[in-house]
Amino acid sequence: MFSALSHLDCSRTCERYDADQVQGVSAAGVPLLARYDLEQVARSVTREEIASRPPTLWRYHEVLPVRDRANVVSLGEGMTPLTALPRYGAAIGLPRLLMKDEGLIPTGSFKARGAAVGVSRAYELGVTGVAMPTNGNAGAAWATYAARAGLDCLIAMPVDAPSITRTECVASGAELYLVDGLIGDAGKLVNAAVGSRSGYQEVSTLKEPYRLEGKKTMGYEIAEQLGWRMPDVIVYPTGGGVGLIGIDKAIRELQELGWIGDKLPKLVAVQAEGCAPIVEAYESGAEVSEPFPNAHTVAFGITVPKALGDFLVLDAVRRTDGTAIAVSDADLLAEQRALASADGAFICPEGAACMAAVKQLRESGWLSGSDEVAVLNTGAGLKYPETIPVDVSTLPVDGRIPDPA
Ligand SMILES: *Cc1c(COP(=O)(O)O)cnc(C)c1O
């Protein structure tokens, strides 16, 4: 058995859907969640056997949706390092700080996980083209994996999205459009276009069920890398929230499989002050978020003014005794440099938002110095070269390097 996928569930009503048809959202308009026969998985594979498999996310194939191994579209994604940050951690009072470094994955962002699994399953179900709005990294990753699978790909992104992500789409041969607006505006264009194209599936965030399955593998990997247990706290930069919802789903599956104990990590959703709809909803006690006006932050990947899965993020944060916190662009940019100079890790601004958040949560006493905290760095700093100003002088060829001050 390659996959134990059994069916899909509506995330609000639990109504069942057929997993072997192409599906979008449920009749209630909310995400569908993939369900597996976990008893069968627990009987057929052990943690030791998984540990002996190749170091990609496909090592968890029983709990992924692709039924036939031949349909797996892979560029070697997954099993990114869970790295200690000794100097930076000590400096902010968290000596047990860990970073799951998703910068070291094809396309340089964790969007590769969702794309690998989403594209593989779309290919398996006979889809011939995928279309999506994106803040950049998801489009780049889906374009890359669509090329690998031989699928057509239509991407629309805000004109302000990181320019490297456009380049990646063009390099992969995707049909690319830039929109003078935000991701929601790109979404309207894509939705209208897909209606008239046969064979195309709209694969916007949480509007198809399998991207989430790819992203949940971050939770499986954290558990495996810690010797099949969870840290005290997991901190995630939240846009659409797919990574956090996925990690929460992974933890519940792992517990049902009996592969980790009962301890739940606190899940922390981090946003930027310039786009913090989920933080506002968390603070006001609301179950869903309100669209955030005039959204803007340098952490472009988390510029999502209204997320389809907001209620799932809020539920996960509250159920695990976690929290939601917003940080300023100035603070996250400062932490991006502080971490790179302390521990040699050049992370993306979204990951840096999490560093600013853990620093503040330690200062406020929400985190204690003995907590083991795992931060998701969702992408490589290399994809955002303009976030660090470089102000150095050019020397004449016969010049001289000044003596140290
Ligand atoms: C997309 C993205 C995020 C946010 O991911 P969601 O699943 O939408 O919450 C965070 N960081 C980076 C680098 C991203 O590209």
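All ligand and atom numbering here is 1-based and tracks the order in the structure.
In this structure, Pro237 and Glu350 approach most closely via the heavy-atom pair CB-O, 3.3 Å. The minimum heavy-atom distance linking Ala84 with Leu98 is given by the pair CA-CD2, 4.0 Å.
When side chains are defined from C-beta on, Tyr36 counts as touching Pro65, because their heavy atoms get closer than 4.5 Å.
At a cut-off of 3.5 Å, with distance as the only test, a side-chain donor of Thr80 or Glu102 sits close to an acceptor on the other residue.
Closer than 4.0 angstrom to ligand 1 by heavy atom are Phe110, Lys111, Asn137, Lys215, Tyr236, Pro237, Thr238, Gly239, Gly240, Gly241, Val242, Gly243, Gly301, Ile302, Cys348, Glu350, Thr378, Tyr384, sorted by chain and number.
Applying the ring pair (Phe, Tyr, Trp, His ring centres under 6.0 Å) test to every pair with at least one member in residues 13-35, sequence neighbours left out, gives no pairs at all.
A side-chain contact (heavy atoms from CB on, under 4.5 Å) with Ile260 is found for one member of Gln255, Arg229, Glu253 and no other, namely Gln255.
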